[in-house]
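Computed from a prediction, not measured in an experiment: that's the story for all the values here. So you know, we letter chains A, B, ... as the sequences are listed, proteins then strands, and number each from 1.
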Amino acid sequence: MAVTESAFDPTQIPEKPTLDGIEAEWAQRWQDEGVYAFNRSATRDQVYSIDTPPPTVSGSLHMGHVFSYTHTDTIARYQRMTGKSVFYPMGWDDNGLPTERRVQNFFGVRCDPNVAYQPGFTPPFRGDPPKDHQPIAISRPNFIELCEELTHEDEKIFEDLFRRLGLSVDWDYLYTTIEDRSRRVSQRAFLRNLARGEAYTQEAPTLWDVDFKTAVAQAELEDRERPGAYHNVAFARSDGQGDVVIDTTRPVLLAACVALVAHPDDDRYKPLFGKTVRTPLYGVEVPVLAHPLAQIDKGTGIAMICTFGDLTDVIWWRELNLPTRAIIGRDGRIIATPPNGLESPSGIAAYEQIAGLFINQAQTKVVEMLRESGAMIGEPRAIMHPVKFFEKGDRPLEIVTSRQWYIRNGGRDTDLRGALLNRGENLVWHPDHMRHRYSNWVEGLNGDWLISRQRYFGVPVPVWYPVNADGDTVHDSPIVPTEDRLPIDPSTDVPSGYTADQRNQPNGFIGDPDVMDTWATSSLSPQIAGKWEDDADLFGRIFPMDLRPQAHDIIRTWLFSTVVRANFEHDSLPWKNAALSGWILDPDRKKMSKSKGNVVTPIDLFEKFGSDAVRYWAASARPGIDTAFSEDQMKVGKKLATKLLNATKFVLTFPQPDVEAKPTHPVDLAMLARVAETVREATIAFDQYDYARALERTEAMFWWFCDDYVELVKGRVYNSQGADAAGSAISALRLALSALQRLLAPFMPFTTETVWRWWQSGSVHTATWPNTAELGPIGDSAILDPIGEILSQVRRAKTDAKTSQKTAVTEATVSASESVLAAFELGRGDLSDAGSVRSWVTVAGAGETTVSAVLAPPEPAS
RNA sequence: GGGCGCUUAGCUCAGUUGGUUAGAGCUCCUCGCUUACACCGAGGAGGUCGGGGGUUCGAGUCCCUCAGCGCCCA
């Protein structure tokens, strides 16, 4: 029995109880008492483990965090009260571009893996370097050290906010995504993928951001509508039989053209297949080919294939075995030297006109040259069309050929895709329809997961390559470290069997210069949080985890990539359940945005309404549903908290008459039946992850308890009907209150803890979740509605007479059915007290229940 | 173009295998300082459940269709 009443001292209850300032007090006591400490002696079946999303520390916490983390916390608290040892860690995401930029701007440094590590390095600035300051290049290990220094302050602020919100996190299991342990996990998992053939390196056309100068994965793309223009361009047939006119939005790529393509069934172009044409301006001879991806009804029905204008070009290039004529460099400029095949003097002269220009400048130049040459047919026709962007980028992506690392994800392998789809099927989704987002994404993959990034800050790809006697890098046989060396940085660490002076030398080695995509590390959050391999005992107790809570916009990235890694490494799902939270919307239903300037910070709301009230607002939202920000809901939450305070104070005014006292009165037993029903409903709802329903049922019960039941029996507890009748009511009140406080504990941890400790020992948050058995024998709740209806009608009579509710009724006549009258008799004494009714007359009949009341004259003012 | 979700009172939302006069809170109106609570209580007003069609004894709930809003993916 985890619920034990402490020796109750009524003087412990303040005369005017308040909720002001309770957050800081309880947060400290919970920490001191270890209320949320994970009990790692618990076996897997006794553990409930949560794969918490690590917030990005370079931003700030906003209402969206408060919203979704509250949802998870209610589940964690429920599970803890059912007796589970809850593994609820927190992580900070400090690996990635946003942190990299902040470190640069704060310290006036930049990360350069070619620089040697400098122990005890002091940055030139700590905040606000002057505008003309040139960033100092420092090694990656030094950069990571500065990152940890900078994020430390923010992490403290985040932690304080989450504590103030009342998250029942065990802070002893805190992790960050750039710390040694995370880098070790990330690199170890990668090396195992490599050893099993799940990771591979390949030189291939890759989507490339020219500003960030890095490759970008499919999951990070987005389409944006951009203005463009179709240009009709004439290609001269090599056989002199006239021109072929193509349609293109990117005449700038004419120099990269390797073929023309039309649909195999297109009668207009069938005679041309196998023949050649010459590119305008450059005079390069290219074949006319057939491929089913060419669209008959688009433009002139024949297109030029360039290396590379878009992803369709890549498919054509691959499937038609075409040569490569790259003209776009990684810096977004036209490459200085003409591509292979462009050899005629006039062609070279034309190319020199655009060499070195940015793409849009070159496009203008090419159009101008086409006009002059007469190859432009008519004027460009403006259109809007979707263009691929890096989701964080400002310029359209280009496609360049480069060597990259990939992890297989089913994008090129039907069997693996089927296995991953099957994983999604076996995951329990909350709400269920979110599973479609997953299957849509997996079914639409068109390539493996590109994990290498040409950035400097991040978790390095942990391999080196041999350099042969000619000084060439041998990419086919990477040198890998043993796992006990991890984490390593190939830019500073030396592979075993080599010496440092062999770096970048013939017959020596070279470090892989790239880092891994942040998702390649984040996808291992269960392994990082659970200390995979570093603490196998712990990991065995928490994995696979029970719950992944996250936002629905990162199903394709975080959720999917985590499934991929667990599938390879553990041949299992990483968790049993995934709970997808919705967005916070402005009251006008638009997605909340900082730019609108109306964003309130969480801390202001905590101070204005109290944390429990803010949590109440969050927990009122159905799982996965976008929800309007509403201070009104917080006011309601605050009202509920205040009510709980006062109702508890009232009930505890009446000490338990004696230990053996049990509810016996039919009205009391009926009330307990309703509480039992609420316990059942709330438990079922929580087991289905529907915290909002659990709250709604509990809240409705609690208000009925206060407004109706307490008012009904108030006279009896003041001894109007004798000691036994009072004892029944008092013990029933206390049984119900105990259950209600615990039912509300997941939602209002601060208020419930306050009132619980007035009369119980220990924390409400480690108390047993209420069950129906503890309520003892229960009665027939059906008698409550008729009794309530009669009381309501008595009250209405007083309201209609515009008189006080304490006005006495000299005689009340109840006309009702036999069954209603039977209920009335059971509640007669309480109704007399609650309605100040001096005498009753009953009339049995068939129709509706009606009560007519004769009111006593108002008391003369004294 | 494909997929998913949403549309119920002025506002925010419940409504769980179709079942009696569709519920709650907020807002609004009236009344009441009744010894747990004025950070309160009592009572009341307010909806042809987005439109149309169908199945059924019976539809907010199931089916079809149209419209609007939102998100995801091409």
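Pair assignment for B:U61: none, as no Watson-Crick or G-U wobble contacts are both less than 3.5 Å. The partner of B:C28, taking Watson-Crick or G-U wobble pairs whose two distances both stay under 3.5 Å, is B:G44. Here B:C49 sits opposite no nucleotide as a Watson-Crick or G-U wobble pair (both hydrogen-bonding atom distances under 3.5 Å). Of the nucleotides present, B:G68 is the one that pairs with B:C6 by Watson-Crick or G-U wobble criteria, both distances under 3.5 Å. The partner of B:U20 cannot be assigned: no Watson-Crick or G-U wobble pair with both contacts below 3.5 Å exists in any strand. Across all strands shown, B:C33 forms no Watson-Crick or G-U wobble pair with both key distances under 3.5 Å. Pair assignment for B:A38 gives none, since no Watson-Crick or G-U wobble pairing has each distance under 3.5 Å.
Residue contacts for A:E681: at a heavy-atom cut-off of 4.0 Å it reaches no nucleic acid atom on any strand shown. Counting non-hydrogen atoms under 4.0 angstrom, A:K714 reaches a base of the nucleic acid. Among the heavy atoms of the strands, none lies under 4.0 Å from A:V651.
Distances shorter than 4.0 Å separate some side-chain N or O of A:Q218 from OP1 or OP2 on B:A74.
The cationic atom of A:R757 (NZ for Lys, CZ for Arg) does not lie both less than 6.0 Å from the six-membered ring centre of A:W26 and within 45° of the ring axis. Note that A:R224 lies in the cation-pi zone of A:F389, set by a 6.0 Å cut-off to the ring centre and a 45° limit from the axis. At least one cation-pi condition fails for A:K638 and A:W617: the charged atom is not both under 6.0 angstrom from the six-membered ring centre and inside a 45 degree cone around its axis. In this structure, A:K714 is positioned above the aromatic face of A:F650, its NZ or CZ under 6.0 Å from the six-membered ring centre and within 45° of the axis.
Nucleotides B:U20 and B:C66 place their C1' atoms 33 Å apart, quoted to the nearest Å. Taking atom P in both B:G25 and B:C63, the straight-line distance is 32 Å, to the nearest Å. Nucleotides B:U21 and B:U30 have their P atoms positioned 33 Å apart, rounded to a whole Å. With P as the reference atom, B:G46 and B:A24 are 14 Å apart, rounded to whole Å. A gap of 24 Å separates the P atoms of B:G10 and B:G53, to the nearest Å. A gap of 45 Å separates the P atoms of B:C26 and B:G2, to the nearest Å. B:U55 and B:C73: their P atoms are spaced 41 Å apart (whole Å). Rounded to a whole angstrom, the distance from the P atom of B:G23 to that of B:C64 is 29 Å.
Here B:G25 presents its P atom at 14 Å from CG of A:L695, a figure rounded to the nearest Å. Atom CD of A:E225 is separated from atom P of B:A74 by 14 Å (rounded to the nearest Å). Here the P atom of nucleotide B:G15 and the CZ atom of A:R697 are 10 Å apart, to the nearest Å. When rounded to the nearest whole Å, the span between CD1 of A:I555 and P of B:C4 equals 14 Å. Following rounding to the nearest Å, A:F629 (CZ) and B:C13 (P) show an atom-to-atom distance of 14 Å. Atom CD in A:E699 sits roughly 19 Å away from atom P in B:U12 (whole-Å rounding). In this entry the distance linking NE2 of A:H436 with P of B:G2 reads 17 Å, nearest Å. If you take CZ of A:R224 and P of B:C73, they are 13 Å apart, rounded to a whole angstrom.
Mapping A:D690 and A:N446 onto RNA chain B by nearest heavy atom places A:D690 closer to the 5' end of the strand.
Comparing B:U34, B:U30, B:A14 against the side chain of A:S804 picks out B:U34 as the nearest. Checked against B:C71, B:C4, B:A36, the side chain of A:H552 finds its nearest nucleotide in B:C71. Comparing B:C71, B:A74, B:A36 by their closest approach to the side chain of A:D223 singles out B:A74. Among the nucleotides B:C71, B:C4, B:A36, the one closest to any side-chain atom of A:R437 is B:C71. When distances run from any side-chain atom of A:W441 to the nucleotides B:U35, B:C4, B:C73, the shortest one goes to B:C73. Set against B:A36, B:C31, B:A14, the side chain of A:E696 has B:A14 as its closest nucleotide.
Contact of the A:F750 side chain with the A:E25 side chain is not registered, since no non-hydrogen atoms from C-beta on lie closer than 4.5 Å. Inter-residue side-chain proximity for A:K649 and A:L652 is flagged as unmet; no heavy-atom pair is nearer than 4.5 Å.
Looking only at atom types and distance, the side chain of A:T799 has a donor-acceptor partner in the side chain of A:Q805 under 3.5 Å away. When only modelled atom types and interatomic distance are considered, A:D668 and A:Y709 share a side-chain donor-acceptor pair under 3.5 Å.
Ionic pairing of A:E696 and A:R622 is not present here: no N-O contact between side-chain nitrogen and carboxylate oxygen is shorter than 4.0 angstrom.
Side chain of A:T810 to backbone of A:V854: a donor-acceptor contact under 3.5 angstrom is found.
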Write down the protein N/O and nucleotide N/O pairs, taken from nucleotides 38-44 of chain B, whose separation is under 3.5 Å; answer none if there are no such pairs.
residue : atom : partner : partner atom : Å
B:A38   : OP1  : A:K16   : NZ           : 3.0
B:C39   : O2   : A:T642  : OG1          : 3.1
B:C40   : O3'  : A:K643  : NZ           : 3.4
B:G41   : OP1  : A:K643  : NZ           : 3.1
B:A42   : O2'  : A:T799  : OG1          : 3.4
B:A42   : O2'  : A:Q805  : NE2          : 3.0
B:G43   : OP1  : A:S792  : OG           : 3.4
B:G43   : O3'  : A:R796  : NE           : 3.1
B:G44   : OP1  : A:R796  : NE           : 3.0
B:G44   : OP1  : A:R796  : NH2          : 3.0

